[in-house]
Amino acid sequence: MKVEGKHYRTIWEAGSGGFAIEIIDQRYLPHDFVIERLITLDNFCSAISDMHVRGAPLIGITAAYGIYIAALEIGNNPHFDDALLNASHSICKTRPTAVNLEWAVNKMLQSIHDEFSVDKKLSALLNTARRLADEDIANCISIGNHGFKIIEEISKSKFGQQVNILTHCNAGWLATVDYGTATAPIYKAFDNGIPIHIWVDETRPRNQGARLTAWELNSHGIPHTVIVDNAGGHLMQHGMVDMVIVGCDRATRQGDVANKIGTYLKALAAKDCDIPFYVALPTSTIDLNLTDGIAEIPIEQRNGDEVRYVEGLSDGKIREVLIPPESSPAANYGFDVTPARLITGLITEKGICNPCEEEIVKLFQSNK
Ligand code: MRU
């Protein structure tokens with residue numbers, strides 16, 4: 001997508017000075033646009049765990065390039081494979097919920113199964129990381145095409161009146177390599193002249209909605225309004241939301257979905273108000289090994305200071321302020337699970353399906 005007229009991906013190979021990867025350091029958005037250069041495995045691990053990059057698909061691609069950098073660091077070591085396996089363990093530990101991380105690392109390791117020389121392993125790893133990044137964009141575009149049809153239908157049923165869509169967290173281009181998952185249908189609808197308006201949940205504690213989704217929509221000129229996380233139910237009860245679209249960090253074969261904390265409550269409200277609730281995700285986010293999301297999906301718990309402090313711009317400087325009493329402890333659950341029964345459909349790159357085992361497995365078997 002474009003930032004002040006220039007096209008950016010969220011992650012790319014730096015042009016000069018030895019092999020390096022550059023990322024948009026998302027901790028500084030929306031007030032500063034900062035590019036960070038990653039050159040060691042440690043750089044990659046902190047970029048993921050400290051959320052310089054975040055969002056399931058982007059975490060996966062960052063991990064893939066991290067594995068390639070780790071392989072360059074290992075170099076001509078007789079224990080190359082063992083050392084790379086250790087590096088994979090380190091990177092897989094950075095964030096537990098988004099399955100794209102493990103998925104991408106496995107793809108990277110599989111790509112060198114049949115290679116014996118270090119040179120060949122290195123070139124297979126680089127090609128795989130590049131391919132996964134390009135496929136991520138193609139998947140997002142495809143999700144956009146499928147999801148667009150749903151928005152188009154709603155628009156027709158409202159005789160062309162504005163379609164109001166609520167989204168939670170950031171599942172936009174900043175959470176992928178480009179284009180986004182939940183926002184892909186939104187961009188396509190807007191670009192095709194459908195009048196839309198987006199309710200953006202601020203998404204405490206890290207405020208990915210208020211900071212990132214709002215920044216993206218603003219840059220693209222899409223009408224939107226930032227709301228507090230608890231406002232969605234009220235808006236739904238008053239007919240002010242036509243559909244909900246969210247992203248996903250891990251879905252099970254039965255269609256339960258883990259996404260940013262608070263997603264479940266939006267799904268409950270949507271069900272109560274009879275509002276369609278869609279989840280947009282590439283199939284790489286579906287973990288076929290899991291069935292019951294609530295029992296089986298690992299939920300990340302992060303530092304309580306993310307809840308206790310809020311960061312924002314004040315007098316031209318980014319500052320943090322403490323909200324609760326200094327001595328009050330805070331709990332910080334990063335994700336929750338929305339059971340399949342509350343979900344209208346899964347929008348994937350292979351098409352839209354009902355959140356149930358039969359349709360999900362069929363989707364994986366299709367060659368679309
Ligand atoms: O903690 P984050 O910012 O990585 O959480 C991101 C989300 O929950 C997104 O909605 C999800 O990863 C889908 S991204 C296309």
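Counting starts at 1 for both ligands and their atoms, in listed order. All values reported here derive from a predicted model rather than from experimental measurement.
Relative orientation of the F33 and W215 rings is parallel, given thresholds of 30° and 60° on the angle between their planes. Taking the six-membered ring for Trp and thresholds of 30 and 60 degrees, H238 and H234 have ring planes inclined between 30 and 60 degrees apart.
Some N or O of A56 is nearer than 3.5 Å to an N or O of ligand 1, by distance alone. Between T181 and ligand 1, not a single N/O pair is under 3.5 Å apart. At a 3.5 angstrom cut-off on N or O pairs, G55 counts as close to ligand 1.
Of all protein heavy atoms, the one closest to atom 10 (O) of ligand 1 is N259 OD1, 2.8 Å. Looking only at heavy atoms of the protein, atom 14 (S) of ligand 1 is closest to A175 CB, 3.5 Å. Protein heavy atom closest to atom 11 (C) of ligand 1, with residue, atom name and distance, is D249 OD1, 3.2 Å.
Between D134 and R9 there is a salt bridge, since at least one side-chain N of the basic residue sits less than 4.0 Å from a carboxylate O of the acidic one.
Contact analysis puts R95 in contact with ligand 1, with a non-hydrogen atom separation below 4.0 angstrom. At least one heavy atom of C248 lies less than 4.0 angstrom from ligand 1. For the ligand labelled ligand 1, residue N170 lies inside the 4.0 Å heavy-atom shell. Residue contacts with ligand 1 include M51, since one or more of its heavy atoms lies under 4.0 Å from the ligand. Ligand 1 is approached by P57 to a heavy-atom distance shorter than 4.0 Å.
Contacts classified as salt bridge (Lys or Arg N to Asp or Glu O under 4.0 Å) and involving residues 175-201 (residues at least two apart or in different chains) are given here: D201-K266.
Residue Q208 has at least one heavy-atom neighbour below 4.0 Å for each of these atoms of ligand 1: 1 (O), 2 (P), 3 (O).
Residue K260 touches ligand 1 through backbone and side chain together, judged by heavy-atom distances below 4.0 Å.
Remark: K2 fails to qualify as a cation-pi partner of Y8 under the 6.0 Å distance and 45° angle criteria applied to the six-membered ring.
Donor-acceptor pairing under 3.5 Å is recorded for the side chains of T40 and N43. If you check the side chains of N170 and R211, you find no donor sitting under 3.5 Å from an acceptor.
The local environment of NE2 in H79 is sparse, with at most 12 non-hydrogen atoms from other residues, nucleotides or ligands closer than 6.0 Å.
In this structure, the side chains of C169 and V246 stay at 4.5 Å or more apart for every pair of heavy atoms.
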